[in-house]
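Report on the structure given below.
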Amino acid sequence: MTNSNNLINNSDRLFRRLALLTVIIIYLLILVGGIVRSTGSGMGCPDWPKCFGQWIPPTDISQLPANYQEIYGHRGYANTSFNVVKTWTEYLNRLLGVFTGFIIFLTFLASLRYRKLDPAVTAFSFLAFFLVGVQGWLGAVVVSSVLTPWIITLHMLLAIVIVGILLYVTARTYAVHIETGQVQNKAGLNRWLIISTLLLLLQVLLGTQVREAVDHIGGQIGDLARRLWIENLGLSFYIHRSFSILVFSAQLYWLIRFKRQGPASGLITTLANWVIVLLGVEIITGATMAYFAIPAFLQPVHLTLAIVALGIQFVLLLLLNKESVFPIKRYTVIESGEAV
């Protein structure tokens with residue numbers, strides 16, 4: 001029985017580690033995707049899946065046909081010169097996407113051990129793997145559409161959905177190991193946590209609108225007039241900027257109420273504290289972009305911080321309601337070694 005328990009625990013541990021690794025890699029992919037967008041590297045490779053018709057991108061213009069601007073003129077290269085930095089930035093983004101697909105496939109394979117005990121884990125793991133494939137296809141659409149802003153935004157939002165699915169299955173398999181303590185007034189805490197999470201989600205969506213406006217303004221007046229971008233963004237920017245205070249205040253209010261209700265899970269408190277820290281840094285990076293002509297290096301950081309905070313909020317909701325969300329008793333069977 002001991003050997004059986006060890007095999008069970010090892011396979012559980014492998015799945016959880018792979019799922020967490022995949023979440024981290026997808027966050028990294030979102031960050032890199034933001035770098036591609038903020039540096040204007042999205043068309044660094046004008047075709048897909050190859051780059052300038054090559055599996056290994058060129059490192060010098062001499063490796064391209066003399067009439068490459070004519071060949072790729074329909075992809076925005078008619079008046080654009082080859083830029084090796086932008087080409088390799090986009091290509092490395094694609095390589096990371098392929099690596100993500102490989103890791104998430106391993107996660108799905110590891111989830112097969114749950115197919116009888118808890119089919120939801122296997123089903124959601126497969127859904128995440130399937131959506132990564134859709135994400136790859138959508139990446140090709142981004143290139144073929146010559147960086148249509150709403151398609152880029154959809155590409156990013158799908159990444160958030162994939163992260164949410166993986167966080168769910170990870171938390172589901174971790175549930176039996178997590179002590180949340182006695183939570184008083186759970187209904188009231190739940191209500192405020194849902195409100196603060198929805199406010200943060202709305203803020204992220206508002207941010208995507210601002211980002212689309214930034215891309216549009218940048219394309220119109222050019223990078224050299226970057227200091228003029230903010231004043232031309234319009235109402236969406238000012239709503240997004242002011243809304244950040246409401247988002248931060250709602251989360252802080254929930255955390256204060258949670259701490260006042262007495263001893264509870266140290267994990268929940270730690271995660272909630274991290275959300276406050278991330279939102280605080282988010283506000284700082286947003287203000288810095290507003291007053292310092294939207295530095296390109298801060299744009300992907302600003303985006304990634306918001307998505308990480310949203311992911312933690314989702315985990316907080318799951319943990320606060322783990323008894324009703326997760327099949328704790330069935331996982332206890334695994335821990336006792338009574339079933340495989």
Does one hydrophobic cluster hold both [X] and [Y], with members joined at side-chain heavy-atom distances below 4.5 Å?
X	Y	result
I239	V247	yes
I104	I24	no
Y291	V281	no
F99	W55	no
W229	Y238	yes

(request) Show your working on side-chain contact (heavy atoms from CB on, under 4.5 Å) between I307 and Y27 and close with a plain yes or no. (result) CA-CA 8 Å; I307 296 176; Y27 279 137; 3.7 Å; yes
Nearest heavy-atom neighbours spanning [X] and [Y]:
X	Y	answer
N321	L317	ND2-O, 2.8 Å
P58	F82	O-CZ, 3.6 Å
S38	P300	OG-CD, 3.6 Å
I276	F248	O-CE1, 3.6 Å
P46	Y72	CG-CD2, 3.6 Å
F15	V121	CZ-CG1, 3.6 Å

(request) Decide yes or no on side-chain contact (heavy atoms from CB on, under 4.5 Å) for K259 and T269, but give the supporting numbers first. (result) CA-CA 8 Å; K259 288 185 175 181; T269 303; 3.7 Å; yes
Do [X] side-chain atoms and [Y] backbone N/O form a donor-acceptor pair below 3.5 Å?
X	Y	value
Q203	H240	yes
Y77	M43	yes
N67	E70	no
R94	C45	yes
T173	T170	yes
R17	L14	no

Nearest 0.5 Å please: distance from the [atom1] atom of [X] over to the [atom2] atom of [Y].
X	Y	atom1	atom2	answer
F124	L167	CZ	CG	13.0 Å
R211	L303	CZ	CG	8.0 Å
L154	Q135	CG	CD	8.0 Å
I165	F130	CD1	CZ	10.5 Å
S111	F126	OG	CZ	10.0 Å
L206	F243	CG	CZ	6.5 Å

Taking C-beta and beyond as the side chain, do [X] and [Y] meet within less than 4.5 Å on heavy atoms?
X	Y	value
L189	R257	yes
L193	Q313	yes
T288	I284	yes
L271	L319	yes
L228	E231	yes
W48	V141	no
V84	D60	no
V315	Y168	no

(request) Might you work through the side-chain contact (heavy atoms from CB on, under 4.5 Å) test for L29 and N93, ending with a clear yes or no? (result) CA-CA 7 Å; L29 187 60; N93 176 49; 3.6 Å; yes
(message) In terms of relative ring orientation, are Y68 and F52 parallel, tilted or perpendicular, with 30° and 60° separating the classes?
(response) perpendicular
(request) Classify the angle between the aromatic ring planes of F129 and F105 as parallel (below 30°), tilted (30 to 60°) or perpendicular (above 60°). (result) tilted
(message) Check this for me: Q54, atom CD, are more than 12 non-hydrogen atoms of other residues, nucleotides or ligands nearer than 6.0 Å?
(response)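 Yes, CD of Q54 has more than 12 neighbouring heavy atoms, counting only those of other groups under 6.0 Å.
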(request) Please check if any side-chain donor atom of S244 sits under 3.5 Å from a side-chain acceptor atom of E282, or the reverse. (result)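 On atom types as modelled, these side chains do not qualify, holding no pair under 3.5 Å.
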(message) Can a side-chain donor-acceptor contact be found between E90 and S41 if the only test is distance below 3.5 angstrom?
(response)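 The criterion, which ignores hydrogens and geometry beyond distance, is not satisfied for E90 and S41.
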(message) Among I25, V98, I26, V132, exactly one meets side-chain contact (heavy atoms from CB on, under 4.5 Å) together with I103. Which residue is that?
(response)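 With I103 as partner, I25, V98, I26, V132 yield a single side-chain contact (heavy atoms from CB on, under 4.5 Å), made by I25.
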(request) Take T208 and M156, measure what side-chain contact (heavy atoms from CB on, under 4.5 Å) needs, and give me the verdict at the end. (result) CA-CA 9 Å; T208 64; M156 185 271 292; 3.1 Å; yes
